[in-house]
Amino acid sequence: MNIGTNLEMVYNRIEKAAAVSGRKKEDIKLVAVTKTIDIEIIKQAAELGMTSIGENRVQEIMNKYPQLEKYPLEWHMIGHLQKNKVKYIVDKVKLIHSVDNIALAEEINRRALQKNIIADILVQINVSGEESKYGLHPDSFYGFLEKAGDFKNVHIRGLMTIAPYTDNPEEVRPVFAELKKIFEYAKDEKITGVDMDYLSMGMTGDFTVAIEEGANIVRIGTGLFGRRKQ
Ligand SMILES: *Cc1c(COP(=O)(O)O)cnc(C)c1O
């Protein structure tokens with residue numbers, strides 16, 4: 001496995017998919033998903049110019065953060081976040097992708113206020129309605145935006161989804177198209193405290209389709225670092 005080659009391959013595929021939707025590769029942010037990946041490998045990737053990393057567990061961010069302090073990395077929280085752990089990461093991460101309930105948004109607001117920062121968040125939507133997945137149901141999301149939009153130390157910057165796993169990404173194209181529709185709808189509503197800047201969708205198996213359907217952040221782990229041990 002060679003991260004340099006993988007990074008290049010992923011960027012090529014991003015560029016092609018972006019062209020399909022009339023954009024450039026610079027319009028798409030690549031978040032390299034480093035969960036379970038060793039520090040030395042992450043350092044290698046950082047040396048190769050990787051700038052944004054995604055983690056899904058608070059404890060792992062806490063462990064890795066001090067070890068990577070000298071690298072100019074942007075940290076993204078992409079996993080399910082418990083209220084009682086918000087305080088550990090709210091001032092470390094650039095963007096929390098996985099906010100799906102008002103109590104969590106309220107806690108992020110409270111902790112951000114204590115640290116005198118504005119926390120950027122995405123709202124995680126469960127487009128496909130799979131029972132096991134986290135994420136807000138599309139029907140309840142408008143009410144969420146109105147409430148969370150009032151929190152002064154939280155800035156809603158867009159939407160995120162995890163599509164159902166499939167071997168054929170064409171199968172989940174409608175999921176991405178639907179989230180893009182919801183994204184545009186929310187943008188047009190011009191809700192206070194809400195700016196629809198980022199659409200975070202697409203992982204190793206489906207990111208080209210997600211970009212074609214309008215994603216501007218993709219979260220890629222396996223495609224860069226190989227299969228995870230855990
Ligand atoms: C693990 C993970 C990814 C990356 O998955 P790959 O299939 O390895 O690219 C993306 N998003 C979330 C939320 C994840 O937990």
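Throughout, residue positions are numbered sequentially from 1 according to the sequence presented. Just follow the structure's listing: the first ligand is 1, and inside any ligand the first atom is 1. Heavy atoms only: backbone and side chains are in, while hydrogens, waters and symmetry mates are out.
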Review point. Do His155 and Asp195 pass the side chain to side chain donor-acceptor pair (under 3.5 Å) test, and can you show the C-alpha distance, the side-chain angles, and the key distance before you say yes or no?
Key: CA-CA 8 Å; His155 188 183; Asp195 285 298; 2.7 Å; yes
Point to revise | Same cluster (ILVMFWY, side-chain, under 4.5 Å), Phe141 and Val154 | key: yes
Review point. Under a 4.0 Å heavy-atom cut-off, which residues neighbour ligand 1?
Key: Val33, Lys35, Ile78, Ile162, Met203, Thr204, Arg219, Ile220, Gly221, Thr222, Arg228
Check your understanding: Quick one: which of Val123, Leu145, Asn126, Val99 gives a side-chain contact (heavy atoms from CB on, under 4.5 Å) with Leu136?
Key -> Val123
**Study point:** All pairs passing side chain to side chain donor-acceptor pair (under 3.5 Å) where residues 158-176 contributes a residue, at least two apart
**Key:** Tyr165-Asp167, Thr166-Glu171, Glu170-Arg173, Arg173-Glu212, Arg173-Glu213
Check your understanding: Parallel, tilted or perpendicular for His76 and His97, by the 30°/60° rule?
Key -> perpendicular
Practice item. For a side-chain contact (heavy atoms from CB on, under 4.5 Å) with Glu107, tell me which candidate from Asn84, Leu81, Val86 qualifies. Key: Val86
